[in-house]
Amino acid sequence: MKKTLVCLLALLTACSGEKEAEEQPTFTQERPSFTGDRSSDVESAIRFSDITDEAGIDFIHKNGAFGQKWMPETIGSGGGFFHYNDDAYPDLLLVNSTEWQGHESGDPLPTTELYVNQGDGSFTSATQQANLDFSMYGMGVAFADYDADGDTDIYLTAVGDNKLLRNDNGTFTDVTNAMNVSGNDPASDTPAWSTSAAWVDVDRDGWLDLFVANYVKWTPETDIYVTRDGKTKSYATPEGYKGESSRLYKNLNGRGFEDITSQAGLENEEGKSLGVAIADFNADGWPDIAVSNDTQPNFLYINNGDGTFQDTAIPAGIGYDENGRARAGMGIDVVDVANDGKLAVAIGNFSKEPTSLYTQIGTGELFQDRAGAARLTRPSLLMLTFGVLFADLDLDGYQDLIAANGHIEPEINVVQQDITFEQPPQIFRNLEGRFVEVSDQAGAPFTTPLVARGIATADIDQDGDLDVLLTVNDGPPRLLRNDSQLEDVNWIAVQLKGLSPNLHAIGAQVTVWTAGESQTRMVRTGSSYLTQSDHTELLIGLGTHAQADSVVVEWPTGGMSKIIDVEGGRRHQVDESFTSP
């Protein structure tokens with residue numbers, strides 16, 4: 001969220017004859033005008049149906065807005081898929097915000113909601129029995145088994161203290177203070193505003209560490225008056241606020257966490273971070289961290305393997321756009337889009353700033369924004385894109401791109417007639433590294449305007465294709481079933497059983513070989529925006545091939561596994577205990 005802010009002075013006059021309040025800065029935002037289209041003449045088999053209501057998902061996100069347009073109201077909400085009861089069907093968690101203190105409506109306060117997948121297309125609320133019926137100004141979520149006890153724990157980010165919820169046989173216990181992972185700067189008295197988070201074993205000791213993205217230093221008392229039309233208050237963008245450093249917590253054998261942000265070289269208040277994605281950018285076996293920043297240069301933290309990181313984003317070419325300007329980075333994801341061994345970083349940006357696609361060139365840590373060459377620029381130009389997520393929706397072996405769009409300002413169309421508040425989500429089909437928008441063919445969910453934020457995927461019905469969750473600000477989410485016409489294609493699902501303490505093998509690299517071509521995926525958390533996809537399996541499209549020739553797993557511990565002649569249309573478990581270094 002950026003662009004030039006023109007400063008005005010506003011005199012705020014107190015009521016009942018009190019003296020004038022102190023002068024407050026006022027900002028007017030202006031943006032140029034463009035046009036675009038969403039049409040495509042490329043045939044696509046990708047189809048989705050909205051099953052939110054029939055699945056029993058009655059969640060509604062509440063942002064607590066009461067007319068003052070406080071900045072956090074327009075940023076949420078998050079959610080994602082995880083296995084709560086350890087059956088085959090992924091369950092769903094949706095993060096809620098709440099009402100502001102002193103402005104309560106008198107209705108029951110909104111809570112985060114847990115929906116258990118019944119395996120028949122329906123979900124049942126388990127919020128109360130799981131001890132999740134509490135209220136907080138929530139933002140996002142990250143799932144992992146941090147204590148290696150065999151069940152999945154929950155980390156919730158928030159405006160204010162975050163929450164680490166330990167899973168105790170289906171009931172969650174708040175262990176935030178005991179574990180020391182509130183997300184706050186230990187030297188500050190003001191709680192942070194956290195956004196996305198990711199579990200990642202940065203030191204490869206097997207225990208999952210925690211990276212928490214923090215946004216800006218905001219409180220109700222420091223809220224800045226911003227206007228787009230010169231008359232009424234608008235939701236602010238972050239230029240007027242100081243940034244808040246993200247935090248990195250080292251897992252101390254499941255018994256607690258240590259804030260190692262400073263010693264790891266990650267203390268950086270220049271960031272205004274909204275998204276985080278994990279990848280091994282230099283193929284040295286150590287997980288690196290990419291962070292999208294709002295109106296500040298993005299970060300690319302390369303893991304030195306000694307407990308420290310180096311930010312190489314600017315020399316690598318992903319800090320700025322091609323004109324040397326910092327964009328309004330929102331969500332982020334990283335994959336090999338062309339299956340050629342080169343990673344690409346997608347970042348959603350503000351309207352009039354197209355989606356970025358920073359793609360590796362050569363063999364080193366150098367990137368070029370190839371969104372234009374990949375045909376992403378024009379169809380994404382007018383959208384304010386929060387969530388971006390790669391997923392192989394049509395199982396052809398190439399990961400397509402989903403974008404969750406929606407503006408921050410309800411009245412934006414009054415001052416920018418080519419921009420709307422609600423915006424339709426988008427699907428870009430991946431044609432071997434080049435993208436074509438096929439939203440108009442994907443069904444009503446991708447032609448219906450929303451104020452969407454995050455994206456997560458999982459195979460909720462176990463039919464071999466990826467279904468989609470879209471989270472929505474101040475409204476109901478959208479649960480979308482993949483009904484793509486995929487009769488002539490095949491797939492495999494790879495489920496990894498890692499050695500304790502990293503039971504889900506987070507950080508493992510999986511390469512699938514089919515007819516001389518390969519696809520490589522990493523088991524990871526994070527990506528997109530405030531959301532997490534099911535990390536317990538990798539669903540990989542084989543195109544028209546009946547099987548994969550081989551599946552090779554490079555475990556985070558350094559071992560390797562290989563299975564051959566892997567039958568399509570099935571789920572395959574690979575066990576680390578049967579490997580040798």
* Can you name the side-chain contact (heavy atoms from CB on, under 4.5 Å) partners of Leu366, sequence neighbours left out? -> Ile361

* Structure fact -> OG1 (Thr420) and CD (Glu409) are apart, to the nearest 0.5 Å, by 12.5 Å

* Asked: Looking at Ala279 and Val334, what are the two nearest heavy atoms and their distance?
  -> CB-CG1, 3.9 Å

* Structure fact -> In short, Ala442 meets Ile427 closest at the heavy-atom pair CB-CD1, 3.9 Å

* Asked: Less than 6.0 Å separating the ring centroids of Phe350 and His407?
  -> yes

* Donor on one side chain, acceptor on other, Asn162 and Tyr155, under 3.5 Å -> yes

* For Asp394, what residues pass the salt bridge (charged side-chain N to carboxylate O under 4.0 Å, His left out) criterion, not counting sequence neighbours? -> Arg429

* Aromatic plane relationship, Tyr146 with Trp199 - under 30° parallel, 30 to 60° tilted, over 60° perpendicular -> parallel

* Asked: Would you say the ring centroid of Phe143 lies under 6.0 angstrom from that of Phe82?
  -> yes

* To do: Return yes if some donor-acceptor pair links the side-chain N/O of Asp288 with the main-chain N/O of Phe281 below 3.5 Å, else return no.
  => yes

* To do: Look at the rings of Phe386 and Tyr529 and say which category their plane angle falls in: under 30° parallel, 30 to 60° tilted, over 60° perpendicular.
  => tilted

* Rounded to the nearest 0.5 Å, how far apart are CG of Leu496 and NE2 of His572? -> 12.5 Å

* **Spacing of Asn490 atom CG and Ile540 atom CD1 [to the nearest 0.5 Å]** => 12.5 Å

* Asked: Can any side-chain N or O of Asp321 pair as donor or acceptor with the backbone N or O of Arg327 at less than 3.5 Å?
  -> no

* Identified side chain to side chain donor-acceptor pair (under 3.5 Å) counterpart of Asn214 within the set Ser273, Ser196, Ser194, Ser246 -> Ser194

* To do: Considering only NZ, NE, NH1 and NH2 on the basic side and carboxylate oxygens on the acidic side, decide whether Glu269 and Lys242 come within less than 4.0 Å.
  => no

* From Ile260, Thr261, Asp259, Leu208, residue fulfilling side chain to side chain contact (heavy atoms under 4.5 Å, CB included) relative to Tyr249 -> Asp259

* Report the residues that fulfil side-chain contact (heavy atoms from CB on, under 4.5 Å) with Val489, sequence neighbours left out, ordered by chain and then residue number. => Leu395, Leu486

